[in-house]
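Worksheet: one structure, shown below.
Just follow the structure's listing: the first ligand is 1, and inside any ligand the first atom is 1. Source: prediction; values computed, not measured.
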Amino acid sequence: MQGPQISIVAPLYNETESFRHLVTRLNAVMDASSLAIEIVLIDDGSVDDTATLMQQLALSDARYQCIFLSRNYGHQIALTAGMAVAVGTEAIFIIDGDLQDPPELLSDFYKKYCEGYDVVYAVRKKRKESWIKRTAYSTFYRFMRSISYVDIPLDSGDFSLVSRRVVDIINQMPEESRFVRGMRSWIGFKQIGIEYERDARLAGESKYSFKMLRKLAYNGIFNFSEYPIKVVTKLGIVAIGISILYFVQTLVKKLFFSSVPQGFTAILFVIILFGGVQLIALGMIGEYVLRIFFQTKGRPLYIIKEIIREKQRQDSPK
Ligand code: UDP
Ligand code: MG
């Protein structure tokens with residue numbers, strides 16, 4: 001058999017509840033398609049039965065390649081591992097393992113790929129999630145777009161079809177704090193969005209805690225924008241401007257009206273305000289330094305405990 005044309009990549013972290021449905025739907029997609037498809041599932045250090053289910057599946061169905069990471073590394077890294085292992089010669093279709101991104105859309109995405117687009121990304125028309133989450137996401141994407149030096153499309157996540165040449169470039173990008181949708185935009189080529197309705201999670205809870213979401217947002221901001229640094233400089237300039245004005249005003253008052261400045265409260269206010277501003281500024285610089293720190297360690301992004309794939313099974317003695 002020739003190698004697969006398309007790899008469908010899905011990271012999984014404690015997804016036992018939806019696993020069976022995921023496999024059923026992926027099988028249906030493969031059966032209905034005339035393309036040669038492989039599925040790459042990544043176990044991101046699950047602590048439930050996900051890994052066992054994946055092992056059984058990979059051993060019984062040659063279309064599935066399963067990767068097991070040595071611990072939980074987070075969604076973006078798990079995805080990175082999957083992209084590195086996937087061998088699809090034409091493109092890679094990235095979905096979430098919780099069925100929020102319908103795999104059935106592959107044919108629509110592939111059509112666009114055939115029209116010459118290197119990246120076909122999904123744009124969420126409607127999110128079936130709580131309004132707090134929806135507002136937070138929407139605000140973040142708009143803020144990110146306004147400050148980023150890369151043109152990151154609004155309301156698009158990692159759900160996308162990415163051509164082989166773009167995947168090869170992403171695989172060569174060694175950045176440690178990864179924001180795949182930003183890296184994808186940075187690469188360029190012809191990119192296009194397709195609107196879809198993001199389904200609610202089929203089962204279980206979101207595996208992204210508030211802390212992880214904040215980390216992802218920070219990675220987006222500090223990896224794709226120099227705005228925080230620039231804004232600190234601007235704040236400094238504004239502060240100096242205000243202090244000069246205040247100084248002139250005090251001088252005028254003293255010289256012409258011989259009134260004593262009402263110092264104490266104002267001084268206290270200014271000290272506290274700019275103490276805070278300086279701490280924020282330090283923190284922002286710290287975010288960049290932190291990224292340099294982790295990057296210079298040059299550690300591997302992830303460690304693969306085991307891969308079960310067709311080739312290995314063919315190689316192993318009968
Ligand atoms: N995921 C992962 N590692 C993690 C957290 C999540 O591989 O540390 C997977 C998860 O199993 C799911 C996908 O990444 O398939 C998206 O995660 P989730 O559904 O929790 O995020 P949300 O859709 O709520 O943004
Ligand atoms: Mg989800």
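Ring orientation note: the planes of Y137 and Y141 are close to parallel, at an angle under 30° on the 30°/60° scale. Aromatic ring pairs are classed by plane angle as parallel below 30°, tilted from 30° to 60° and perpendicular above 60°; the pair F224 and F179 is tilted.
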Practice prompt. Check step by step if salt bridge (Lys or Arg N to Asp or Glu O under 4.0 Å) holds for E115 and K112.
Written response: CA-CA 5 Å; E115 288 169 20; K112 288 283 167 209; 3.4 Å; yes

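Between Q295 and E176, the side chains place no donor N or O within less than 3.5 Å of an acceptor N or O (distance only, hydrogens not considered).
In summary, D96 places no N/O/S atom under 2.8 Å from the Mg ion (ligand 2), failing the contact criterion. Metal site remark for the Mg ion (ligand 2): Y208 contributes no N, O or S atom at a distance under 2.8 Å.
Counting heavy atoms closer than 4.0 Å to ligand 1, residue R198 contributes side-chain atoms (C-beta onward) but none from N, CA, C or O. Of the heavy atoms in D98, both backbone and side-chain atoms come closer than 4.0 Å to ligand 1. Of all the heavy atoms of H75, the ones lying under 4.0 Å from any atom of ligand 1 are found in both the backbone and the side chain. Under 4.0 Å from ligand 1, the heavy atoms of N72 that appear belong solely to its side chain.
Each of Y117, F159, Y121 was compared with F109 under the ring pair (Phe, Tyr, Trp, His ring centres under 6.0 Å) criterion, and only F159 meets it.
Inclusion of M212 in the set of residues having an N or O under 3.5 Å from an N or O of ligand 1 is not warranted. For a threshold of 3.5 Å applied to N or O pairs, the pair formed by A78 and ligand 1 contains no separation below that value.
Evaluated by nearest non-hydrogen atom to atom 21 (O) of ligand 1, the leading choice among Y13, Y73, Y137, Y208 is Y208.
Cluster membership for M173 and V119, using ILVMFWY side-chain heavy atoms within less than 4.5 angstrom, is shared.
The cationic group of R165 lies under 6.0 Å from the six-membered ring centre of F189 and within 45° of the ring axis, placing it in a cation-pi geometry.
A heavy-atom separation below 4.0 Å is found between K133 and ligand 1.
Given atom 3 (N) of ligand 1, the protein heavy atom at minimum distance is D44 OD2, 2.6 Å.
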